[in-house]
Amino acid sequence: MILTGSPNTVAEGRVSSIQAFVTSGVPYYVPTFERIEKNALPWWHVNPWALTVPWLWAGLRGVWLVFWIALAIDLLGIVCLMQVVKFSPLLAEAQANAAENVTLIDRYSKWIRNFGTAGAVLLVAGRLWVGGRADRWYYRQYSRWRIDQTIASGVDPRRLLLAGLIMLIVSPLTIYRATQLRLDGRACLNLIRAGEETDALLLRTGVADAASLIDGLQAEYDDLSDQFARLDAIRDRTSEQNSRRSELRKLLRDTGRDLETARTAVATGWREKFDCWFIDDFPTLARLVPPENVIYRRVPDEEAIASGRDGATKVVRTVKDPVEGRRVNIFTYSAESIDISINYLRASFAGIFDAMTNVLRQSLIRVEILFMQTPWPVISFLFLALAWHYTGRATTVFVGACLAFLAAFELWQVAMQTMALVVVSTALCILVGLPVGIWMAKNKWARWITEPVLDVMQTIPSLSYLVPAVAFFGISQPPAVLATVVFAMPPMIKLTALGILQVPESTKEAGLAFGASERQLLIKVELPMAIPSIMAGLNQTIMLALSMATISAFIGAEGLGAIVTAALGDAQAGKGLLAGIAIALVAMMIDRILKGIRMSFSRI
């Protein structure tokens, strides 16, 4: 809004604008905003409402930046002061026996002093800072409102209600948690189990309530104790008496455990339950009976072997008895169900997994032979020639230095093993990723389904990929290749689809106008124009494959990663550092060469 005209008109327009924005407190905000415009507001100026109740003032006027900053500072200050409340009783308890608690007294005293000081400084200095900055922040909101009338303006009780609701959700629990000592990690679980076991005892004994159950268990415990004491007092016991004594000891132990469990369940008050539900970990919402403990395994099929089929096998299902009374949370239930499913698949489709493992192993062996038995001068010449042709002199010198490092530190053969793993993994990524990328680019439903899957694949930690690979294929190099493929494939798919989607519509229309079919359009127009993007995906795939090849050493992959893993296990920092540098140099060398190749395609 630009104001023109006489000075009086401009001043009246400015006042009207500010009045329309603030709606209340006009006598205060008009001169304040005018001084801010003239850069004449003194540094000691403080908004009294923002100083005393900043969150309510900010919520009422919609200055949410001030609201969140003030709420965070005040909460942090109160939390610090609550530490004083929490540790003061502990300090008094330690001072009651000062000779044995010198360290605790010093620790608690230091905590109380530091937290108390920090809390007081935060509350006082924080309020002064927020109060001093509030009007300046409010003026910035006014400046935005002059351009965009949807910006919050005036006072609105609904915003105040929202601010109060936020404070009600955030503040009480946070402050209460600051007054409590850290909960034992198993305390809540023990309370849950005590309740479950008590319910089972009530059902088993037919008693109406927990109090009657405790009375009955106490009477039974006392009776067993008397019987055990009488038998224990006999010096020359018969074998029957010894057996009865052992039986009584077991019954006494079980009854005592049941009695303690029932007492724990009854003694659990509302405060313990509240703490477990609201200030401990996220509450356990369900306790389930676990799935059947099933094991699937392959055994020789005697009938098939007798009929002439040598080596025939069949899947045998074995069910173990469940643990009586055992209940688990949803995480454990789901994990055990997945384990049973994987065990079934591994036993039922062992032939398929074995065939895949054999194909991968043979591919790795042949690529390793290619890299490791080719004379090093030939490999070096090929790398240098590629660098010279596609990049330039500087990159060629760098590639030569990388190769010299591998040779000087006798890491050549090990690096070639890593290269073999990367080559096989990258080949599989191209074989699968290129068609999937084309499919994504051509089909919006495929893109809608595949993109979330690829996002998840890129988000899952790399070590997590080793778990299913080991579950299905064991520990060796083939599962390392599969884990590397799954980890490194998303960039290949995404950038292939992106490259095809970025081909101009006018170019595709021209191809179709000249009579090209959909297949010819893809092969002769879209893929050639998408090659720079595809090469970028290939580059990223190779980099990810190199990083995963290092981690795959945990499940038996050979190469530079194995040296890093062994150095980590033996705390040999030197070996691990040198192997890590070698991995980095190999990655940088490949990256520079591929970048040059990609740039050459971009110039075509």
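Computed over heavy atoms, backbone and side chain alike; hydrogens, waters and symmetry mates excluded.
- Looking at heavy atoms from C-beta onward, Thr391 lies out of side-chain contact with Lys595 at the 4.5 angstrom threshold.
- Under the rule for a salt bridge (Lys or Arg N to Asp or Glu O under 4.0 Å), Glu451 has no partner lying at least two apart in sequence or in another chain.
- Residues satisfying the side-chain contact (heavy atoms from CB on, under 4.5 Å) test with Thr496, not counting sequence neighbours, are Leu434, Ile438, Met492, Ile500, Ile534.
- The side-chain heavy atoms of Leu454 and Met440, taken from C-beta on, include a pair separated by under 4.5 Å.
- Trp64 CH2: more than 12 foreign heavy atoms inside a 6.0 Å radius.
- Taking a 6.0 Å sphere around NZ of Lys508, one finds it holds more than 12 heavy atoms contributed by other residues, nucleotides or ligands.
- Atoms CG and CG, on Leu428 and Leu482 in that order, are 7.5 Å from each other to the nearest 0.5 Å.
- For Lys494, the side-chain hydrogen bond (donor to acceptor under 3.5 Å, both in side chains) partners are Asp455, Gln458, not counting sequence neighbours.
- In terms of heavy-atom proximity, Pro291 sits nearest to Ser337 at CG-OG, 3.6 Å.
- Residues Leu512 and Glu509 are not in side-chain contact: their nearest non-hydrogen atoms beyond the backbone lie 4.5 Å or more apart.
- Looking only at distances, no side-chain donor or acceptor of Gln540 sits under 3.5 Å from a matching main-chain atom of Ala536.
- In this structure a side-chain-to-backbone donor-acceptor pair under 3.5 Å is missing from Thr541 to Met489.
- Partners of Asp339 according to the salt bridge (Lys or Arg N to Asp or Glu O under 4.0 Å) rule, which considers only residues two or more places apart in sequence or in another chain, do not exist here.
- Note: Ile430 CD1 to Leu538 CG = 4.5 Å, rounded to the nearest 0.5 Å.
- In terms of the ring pair (Phe, Tyr, Trp, His ring centres under 6.0 Å) criterion, residue partners of Phe409 (sequence neighbours excluded) are, by chain and number, Phe405.
- Applying the side-chain hydrogen bond (donor to acceptor under 3.5 Å, both in side chains) rule to pairs touching residues 403-426 yields Gln417-Glu558, sequence neighbours excluded.
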Where do Asn539 and Met535 land on the side chain to side chain contact (heavy atoms under 4.5 Å, CB included) test, with the steps shown first? CA-CA 6 Å; Asn539 188 2; Met535 291 298 298; over 6 Å; no
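- We find the NE2-CG distance between His389 and Leu384 to be 14.5 Å, quoted to the nearest 0.5 Å.
- Taking the side-chain contact (heavy atoms from CB on, under 4.5 Å) definition, one finds that Arg592 meets it with Thr395, Phe398, Met588, sequence neighbours left out.
- In this structure the side chain of Leu546 reaches within 4.5 angstrom of the side chain of Ile590, judged on heavy atoms.
- Under the 4.5 Å side-chain criterion, counting only non-hydrogen atoms from C-beta, Trp439 is not in contact with Arg447.
- Side-chain atoms of Asn343 come within 3.5 Å of backbone N or O of Tyr296 as a donor-acceptor pair.
- Put simply, the side chain of Leu411 reaches to within 4.5 Å of the side chain of Ile563, judged on heavy atoms.
- Atom OH of Tyr176 has more than 12 neighbouring heavy atoms from other residues, nucleotides or ligands inside a 6.0 Å radius.
- Scanning both residues, Leu122 and Cys80, for their nearest heavy atoms gives CD1-SG, 4.3 Å.
- Here the closest non-hydrogen pair linking Ala545 and Thr484 is CA-CG2, 3.6 Å.
- Under the salt bridge (Lys or Arg N to Asp or Glu O under 4.0 Å) criterion, Glu292 pairs with Arg317, not counting sequence neighbours.
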Using a 3.5 Å cut-off and no angle test, enumerate the donor-acceptor pairs between side-chain atoms of residues 65-72 and protein atoms at least two apart in sequence or in another chain.
none

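- Here the closest heavy-atom approach between residue Cys402 and residue Met589 is recorded as CB-SD, 4.0 Å.
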Please table the atom pairs, donor to acceptor, closer than 3.5 Å between any side-chain atom in residues 355-363 and protein atoms at least two apart or in another chain.
{"from": "Thr357", "atom 1": "OG1", "to": "Phe353", "atom 2": "O", "distance (Å)": "2.8"}
{"from": "Gln362", "atom 1": "OE1", "to": "Arg366", "atom 2": "NH1", "distance (Å)": "2.8"}
{"from": "Ser363", "atom 1": "OG", "to": "Val359", "atom 2": "O", "distance (Å)": "2.9"}

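- For Trp445, the side-chain contact (heavy atoms from CB on, under 4.5 Å) partners two or more places apart in sequence, or in a different chain, are Asn443, Trp448.
- Evaluation of the side-chain contact (heavy atoms from CB on, under 4.5 Å) rule for Ile583 yields Thr550, Leu560, Val564 as partners, not counting sequence neighbours.
- Between Leu522 and Lys442, some side-chain heavy-atom pair lies under the 4.5 Å cut-off.
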